[in-house]
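Data block below; observations after.
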Amino acid sequence: MTPDIRPFDAALGAEVLGVDLSKALDDETFAAIENAWNEHSVLLFREQSIDEARHLAFSRRFGELETHVLDQYLHPEHPEILIVSNVMDGDRHVGIYDAGRYWHTDLSYMAAPSRGSLLYAIEVPHGEDGEPLGDTLFASTSAAYDALSGSMKGRIADLRAEFSLANRHAKLVADGDADAELEDRHHEKAPPVTHPIARTHPVTGRKSIYVNEGQTARILGLPGDEARDLLEALCAHCARPEFVYRHKWRVGDLLMWDNIPTQHLAVRDYALPRRRYLHRTTLKGAPPR
Ligand code: OGA
Ligand code: MN
């Protein structure tokens, strides 16, 4: 059966109907999903009921999986699953509790950043009014690139930037989160790297802006002030409302995104005892070009 792909009324994203991820998919169905993912960048599958094994099996159809560098938050039995959660076990965080505090693209601080991520909602916090809390915003950085002036496209064409996990954690600590201090092993596994700030999608050929608020430390090859202003301007441009889809979570949502032409941000408008608990798999990627 061919899945029904319904694009969102936004610069990116589509809902996929008629697919049950708890069952193995035939090649034709899978190909339709993979094509839709490349075309729409974010795909939503509602009302799913999958265990860890099915989440992993579906994810592996897209390619090899990554084991996240923040190894304190890995699923104890399935290290390729990252727990995204605010839940505590005593004074220990069971998962990454601030995954999306700043606009970012997953693993942009690695030499080979992630190709995509698949996030499955198991517990979603709600407000007094019954509305879900903890929305996630996705920006199309390819739509943002297309909207740049010709001269700006020319200006960024050959520029590179430094990305680092340490930059993200220094921001978290500066913003008051003492638990965000990195250990030596994290620094060793994720030293700073550089990437082009305008990258080309290997499948669609579309260009996108590749800088983000959380993980881009600085643009290289420009005087300090100019580099800072350009980084801020590009980040602000990507976050303009016309490029953004805001996801309201429901239990059973599996949301997958392409980390090449997007960035995302999590809204922290909830706290314990309201619980949020999700499982994420992370697809390996290649160095940006
Ligand atoms: C992620 C992430 C945001 C959220 O899992 O990569 O950034 O809303 N999550 O949990
Ligand atoms: Mn993320």
Side-chain angles (χ1 to χ4, degrees), residues 42 50 52 55-56 59 65-110 112-125 132-138 163-190 212-217 247 249 251 253-257 259 262-285:
V42 173
I50 51 170
E52 289 88 343
H55 188 171
L56 287 164
S59 304
L65 304 186
E66 187 76 68
T67 303
H68 204 279
V69 49
L70 296 173
D71 51 7
Q72 65 272 41
Y73 305 131
L74 301 178
H75 190 299
E77 285 134 56
H78 304 277
E80 287 159 320
I81 291 180
L82 175 72
I83 296 175
V84 175
S85 182
N86 68 333
V87 172
M88 306 284 295
D89 175 12
D91 58 6
R92 191 183 72 86
H93 294 279
V94 305
I96 181 165
Y97 51 93
D98 57 3
R101 169 84 67 95
Y102 310 111
W103 281 104
H104 69 284
T105 304
D106 296 333
L107 273 53
S108 73
Y109 49 77
M110 302 297 274
S114 163
R115 172 70 165 86
S117 305
L118 296 90
L119 188 60
Y120 176 59
I122 297 167
E123 293 181 72
V124 174
L133 298 171
D135 297 352
T136 311
L137 280 65
F138 289 85
F163 293 71
S164 88
L165 181 61
N167 186 77
R168 169 182 190 269
H169 285 260
K171 273 171 88 77
L172 288 168
V173 171
D175 286 342
D177 180 2
D179 293 350
E181 211 69 75
L182 290 174
E183 309 281 340
D184 288 348
R185 70 179 191 286
H186 299 134
H187 289 293
E188 276 157 29
K189 270 205 218 160
N212 63 70
E213 179 192 18
Q215 301 168 356
T216 308
H247 186 62
W249 290 93
V251 170
D253 284 354
L254 184 130
L255 195 72
M256 67 175 294
W257 57 90
N259 275 315
T262 66
Q263 45 180 268
H264 55 280
L265 173 75
V267 178
R268 263 300 272 282
D269 56 357
Y270 60 93
L272 289 172
R274 293 194 163 99
R275 291 164 59 101
R276 188 171 190 268
Y277 189 94
L278 306 93
H279 281 169
R280 185 183 110 189
T281 52
T282 311
L283 304 175
K284 281 196 176 164

Residues Ser117 and Asn259: side-chain donor-acceptor under 3.5 angstrom:
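The criterion, which ignores hydrogens and geometry beyond distance, is satisfied for Asn259 and Ser117.
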Considering only residues two or more places apart or on different chains, which pairs with a residue in residues 265-279 satisfy salt bridge (Lys or Arg N to Asp or Glu O under 4.0 Å)?
Glu123-Arg275, Glu128-Arg274
For residues 74-82, dump all side-chain donor-acceptor pairs below 3.5 Å to protein atoms at least two apart in sequence or in another chain.
from, atom 1, to, atom 2, distance (Å)
His75, ND1, Glu77, N, 3.1
His75, ND1, His78, N, 3.3
His75, NE2, Glu52, OE2, 3.0
Glu80, OE1, Arg60, NH2, 2.5

side-chain hydrogen bond (donor to acceptor under 3.5 Å, both in side chains) contacts in which one or both residues fall within residues 170-182, not counting sequence neighbours
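Listed once each, the pairs are His93-Asp179, Tyr97-Asp177, Tyr102-Asp175.
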Please answer whether the main-chain N or O of Thr262 pairs with a side-chain N or O of Thr105 as donor and acceptor at a distance below 3.5 Å.
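Answer holds: yes.
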Is there a donor-acceptor pair closer than 3.5 Å between any side-chain N or O of His279 and the backbone N or O of Tyr120?
no
Please evaluate residues Trp257 and His264 with respect to the criterion side-chain contact (heavy atoms from CB on, under 4.5 Å), reporting the C-alpha separation (whole Å), side-chain torsions for both, the decisive distance (0.1 Å), and the verdict.
CA-CA 9 Å; Trp257 57 90; His264 55 280; 3.2 Å; yes
[X] side chain near [Y] side chain, heavy-atom distance below 4.5 Å:
{"X": "Asn167", "Y": "Thr216", "value": "no"}
{"X": "Gln215", "Y": "Leu107", "value": "no"}
{"X": "His186", "Y": "Asp71", "value": "yes"}
{"X": "Lys284", "Y": "Leu65", "value": "no"}
{"X": "Val42", "Y": "His247", "value": "no"}
{"X": "Asp106", "Y": "Glu66", "value": "no"}

Which atom pair, heavy atoms only, marks the closest approach of [X] to [Y]?
{"X": "Ser85", "Y": "Tyr277", "result": "OG-CD1, 3.4 Å"}
{"X": "Val84", "Y": "Leu119", "result": "CG2-CD1, 4.0 Å"}
{"X": "Pro132", "Y": "Val124", "result": "CB-CG1, 4.1 Å"}
{"X": "His169", "Y": "Ala180", "result": "ND1-O, 2.7 Å"}
{"X": "Ala190", "Y": "Val69", "result": "CB-CG2, 4.4 Å"}
{"X": "Tyr270", "Y": "Pro125", "result": "CG-CG, 3.8 Å"}

Look up atom CD1 in Ile96 and atom CG in Leu278, then write down how far apart they are to the nearest 0.5 Å.
12.0 Å
If the condition is side chain to side chain contact (heavy atoms under 4.5 Å, CB included), which residues does Asp89 pass it with, not counting sequence neighbours?
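Checked Asp89 against side chain to side chain contact (heavy atoms under 4.5 Å, CB included); matches are Arg92, Val94.
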Hits for side-chain hydrogen bond (donor to acceptor under 3.5 Å, both in side chains) against Thr281, two or more places apart or cross-chain, chain-then-number order -> His55, Ser59
Just jot down the ring-ring contact (aromatic ring centres under 6.0 Å, His included) partners of Trp103, sequence neighbours excluded, or say none.
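If we apply the ring-ring contact (aromatic ring centres under 6.0 Å, His included) test to Trp103, skipping adjacent residues, there are no hits.
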